[in-house]
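These figures come from a predicted structure and were not determined experimentally.
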Amino acid sequence: MRRVAIIGAGSIVFCKTLMLDIMATPELEDTEFVLMAPSTGKTSQVKAFADKVIEKNGLKSRVLVTTDRREALAGASYVITSFQVGGVSAFELDYKIPMKYGVDQCIGDTLGPGGVFRALRSIPVILDVARDMEELCPNATLLNYVNPMAMICWALGETNIQYVGLCHGVQTTLDLIAGYTGVPKEEIDYVSAGINHMGWFTKLSHKGEDLYPALRDKFEQPEFYVNEKVRGEVFRHFGYFMTESTGHLSEYVPWFRKNQKALDLYCDEPSFGGESGAYYTWCAYVADKYKDQDILADESYDLPPRSVEYCAYIIEALETGKTFKFSGNLRNNGMISNLPADCCAEGAVFADRTGIHRTVIGEIPPQCAALNMTNINVQRLAVLAAKSGDPETVVQAIALDPLTSSVLTLKEIRDMVTEMLAAQQQWLPQFAGRLPRPTPTIETPAGLARAEVPIDPALAVFSRFGELAK
């Protein structure tokens, strides 16, 4: 019986989905699930539900619950991570403190102040999981769902475990492309490559015919464009369609959330279509509504077909050798040749009995790589800050963030980061109360006597031309 440890199993609905997917796979129905979370309040609900599904469907699976991570990992064949350090309380600070400074986030889990601080909280934990795996289950495969995906998997790429980061952005975007082009999703041939939440469909075709002309035509029509203004604008100006929707993508670039004019023009759809704080508001609502309820109490115990999530298909491939192709997040190592080797890249990955294998995609269009790099620069420093506990590196990471830098000065960014670090120190032990060094504004009053220093060459030339003009 294979052992699947789910770390962060208090994410009730998502945990249930992954477990049902695995149970619905005939070759995997004899799985032992170990649900781990800091408390058993939610995991006991999942276990009670899963036990009834197992009983009704005559399955060989069994479910255990623990609050001890090492107990869950001992002897595991597969480890699934889906935790959120600090929960809604930390998420509230990720959103509200930047908003006070004028940084307006819709989702806040991938880049920007929210994404960076989520990484600062989560990377030490994921590295602890990896170290435990090296000791307790060195041959296990880690399937990561924790965001920010690219930063988490960048950190995992520096460990010795086999891992892959999983997201459903490619699958759901293909549904959208199918709807726009009128071509069945399963008949679309494509190549998607880049970074998580900013992957590019470098090829789209149907039976050998390029689908891009039809897709471009649709996005010039207001009735189609209005559904995805931000993604549509990036598509129109950069030439390739991307894997993330308006609410997400508006945060990764500097053009759509930097002032009220931009927000009104491009982010005017409700909820995840661009609304300020949409994801935090939704998470807070769900947490409050269901905090004292068993949300699985009225769920059917019938075994449904597998969902669009990759997890069960990957485990099936690793167990049976039935090859499965999917979009995965791994250390780049040449997968995309014009992105850094050590970053986390997202592209076509294959799983079979011998493991998880990246494909060599080559170069992506230079403008796409350049836009990816604006995010990769932030990711690199955020990972370094999470591991080192250096508050100056946090300031520098967020100073390079495209959205934040379009709104705030360096002094304002430093003040914002200082406030966020102080407010979240209970979840950031690696910083041990350290804050960015103060950098007060240096006043330069009128009539100030300047120090005698060499003049800047450009100013010297300008001064000389001024003399000649006289």
Side-chain angles (χ1 to χ4, degrees), residues 150 166-250 252-253 255-256 266 269 273 308 310 313 323-330 332 334-339 343-351 357-376:
L166 303 176
C167 180
H168 46 240
V170 174
Q171 305 104 295
T172 54
T173 300
L174 280 171
D175 287 326
L176 186 146
I177 291 170
Y180 273 85
T181 60
V183 174
K185 174 182 176 179
E186 60 276 8
E187 295 182 16
I188 296 176
D189 295 318
Y190 69 93
V191 174
S192 175
I195 60 174
N196 182 243
H197 286 188
M198 197 185 275
W200 305 89
F201 287 92
T202 59
K203 293 183 180 178
L204 284 172
S205 64
H206 177 237
K207 298 181 179 179
E209 181 180 352
D210 186 4
L211 289 177
Y212 260 123
L215 192 60
R216 290 192 181 95
D217 179 66
K218 286 292 194 297
F219 270 90
E220 295 302 320
Q221 300 174 35
E223 63 269 31
F224 289 96
Y225 171 84
V226 71
N227 296 312
E228 280 281 2
K229 290 182 179 179
V230 168
R231 182 154 47 179
E233 276 297 284
V234 173
F235 176 33
R236 295 172 74 224
H237 291 276
F238 280 75
Y240 292 88
F241 205 59
M242 196 188 288
T243 55
E244 269 314 317
S245 60
T246 283
H248 272 289
L249 178 54
S250 66
Y252 312 152
V253 292
W255 309 300
F256 305 109
Y266 297 110
E269 292 294 306
V308 299
Y310 292 140
Y313 296 92
T323 302
F324 178 62
K325 174 190 173 186
F326 61 100
S327 290
N329 290 269
L330 292 168
N332 186 22
M335 179 162 60
I336 301 174
S337 57
N338 53 346
L339 294 182
C343 80
C344 171
E346 183 177 88
V349 175
F350 288 84
H357 316 282
R358 62 178 51 75
T359 60
V360 177
I361 293 165
E363 291 191 357
I364 60 175
Q367 71 273 27
C368 299
L371 202 53
N372 284 164
M373 285 302 302
T374 66
N375 286 218
I376 289 170

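The shortest heavy-atom contact between Thr202 and Pro365 is CG2-CD, 3.7 Å. Contact record, Cys344 with Ile195: O-CG2, 3.7 Å, taken as the closest heavy-atom pair. Between Cys167 and Asn196, the shortest heavy-atom contact is CB-ND2, 3.3 Å. Among all heavy-atom pairs drawn from Gly194 and Trp200, the shortest one is CA-CD1, 4.4 Å.
Ser245 contributes atom OG, which lies 15.0 Å from atom NZ of Lys229 (distance to the nearest 0.5 angstrom). Note that CE of Met198 is 6.0 Å distant from CG of Leu249, once rounded to the nearest 0.5 Å. Once rounded to the nearest 0.5 Å, the distance linking CZ of Phe326 with OH of Tyr310 reads 8.0 Å. To the nearest 0.5 Å, atom OH of residue Tyr190 and atom CG of residue Leu211 are 13.5 Å apart. Residue Glu346 holds its CD atom at 8.5 Å from CD1 of Ile336, rounded to the nearest 0.5 Å. In this structure, CG in Leu174 is found 4.5 Å from CZ in Phe201, a value given to the nearest 0.5 Å.
Of the possible donor and acceptor atoms, one in the side chain of Asn338 sits under 3.5 Å from a partner among the backbone N and O of Ile364. Side chain of Asn332 to backbone of Leu339: a donor-acceptor contact under 3.5 angstrom is found. Proximity of a side-chain donor or acceptor of Thr243 to a complementary backbone N or O of Val170 within less than 3.5 Å is not detected. Looking only at distances, a side-chain donor or acceptor of Thr359 sits under 3.5 Å from a matching main-chain atom of Ala348. With hydrogens and angles ignored, the 3.5 Å screen pairs no side-chain donor or acceptor of Ser337 with any backbone N or O of Gly334.
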- [ ] Walk me through it: do Phe256 and Thr246 pass the test side-chain contact (heavy atoms from CB on, under 4.5 Å)?
- [x] CA-CA 9 Å; Phe256 305 109; Thr246 283; over 6 Å; no
Just list the side-chain donor-acceptor pairs under 3.5 Å for residues 231-241, sequence neighbours left out, or say none.
{"unit_1": "Arg231", "atom_1": "NE", "unit_2": "Glu244", "atom_2": "O", "d": "3.2"}
{"unit_1": "Arg231", "atom_1": "NH1", "unit_2": "Thr173", "atom_2": "OG1", "d": "3.2"}
{"unit_1": "Arg231", "atom_1": "NH1", "unit_2": "Met242", "atom_2": "O", "d": "2.9"}
{"unit_1": "Arg231", "atom_1": "NH1", "unit_2": "Glu244", "atom_2": "O", "d": "3.4"}
{"unit_1": "Arg231", "atom_1": "NH2", "unit_2": "Glu228", "atom_2": "OE2", "d": "2.9"}
{"unit_1": "Glu233", "atom_1": "OE1", "unit_2": "His237", "atom_2": "NE2", "d": "3.3"}
{"unit_1": "Glu233", "atom_1": "OE2", "unit_2": "Tyr225", "atom_2": "OH", "d": "3.1"}
{"unit_1": "Glu233", "atom_1": "OE2", "unit_2": "Arg236", "atom_2": "NH1", "d": "2.6"}
{"unit_1": "Arg236", "atom_1": "NE", "unit_2": "Glu220", "atom_2": "OE2", "d": "2.9"}
{"unit_1": "Arg236", "atom_1": "NH2", "unit_2": "Glu220", "atom_2": "OE1", "d": "3.3"}

Determine all donor-acceptor pairs shorter than 3.5 Å in which one atom belongs to a side chain in residues 179-187; sequence neighbours excluded.
{"unit_1": "Tyr180", "atom_1": "OH", "unit_2": "Phe224", "atom_2": "O", "d": "3.1"}
{"unit_1": "Thr181", "atom_1": "OG1", "unit_2": "Ile177", "atom_2": "O", "d": "2.8"}
{"unit_1": "Lys185", "atom_1": "NZ", "unit_2": "Gln171", "atom_2": "O", "d": "3.3"}
{"unit_1": "Lys185", "atom_1": "NZ", "unit_2": "Asp175", "atom_2": "OD1", "d": "3.2"}
{"unit_1": "Glu187", "atom_1": "OE1", "unit_2": "His206", "atom_2": "NE2", "d": "2.6"}

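The environment of Lys218 atom NZ is dense: over 12 non-hydrogen atoms of other residues, nucleotides or ligands sit within 6.0 angstrom. Enclosure of atom CD in Gln367 by more than 12 non-hydrogen atoms of other residues, nucleotides or ligands within 6.0 angstrom is indicated.
Between Tyr252 and His248, the angle of the ring planes lies from 30° to 60°, which puts this pair in the tilted group.
In this view, His168 and Glu309 satisfy the side-chain hydrogen bond (donor to acceptor under 3.5 Å, both in side chains) rule, not counting sequence neighbours.
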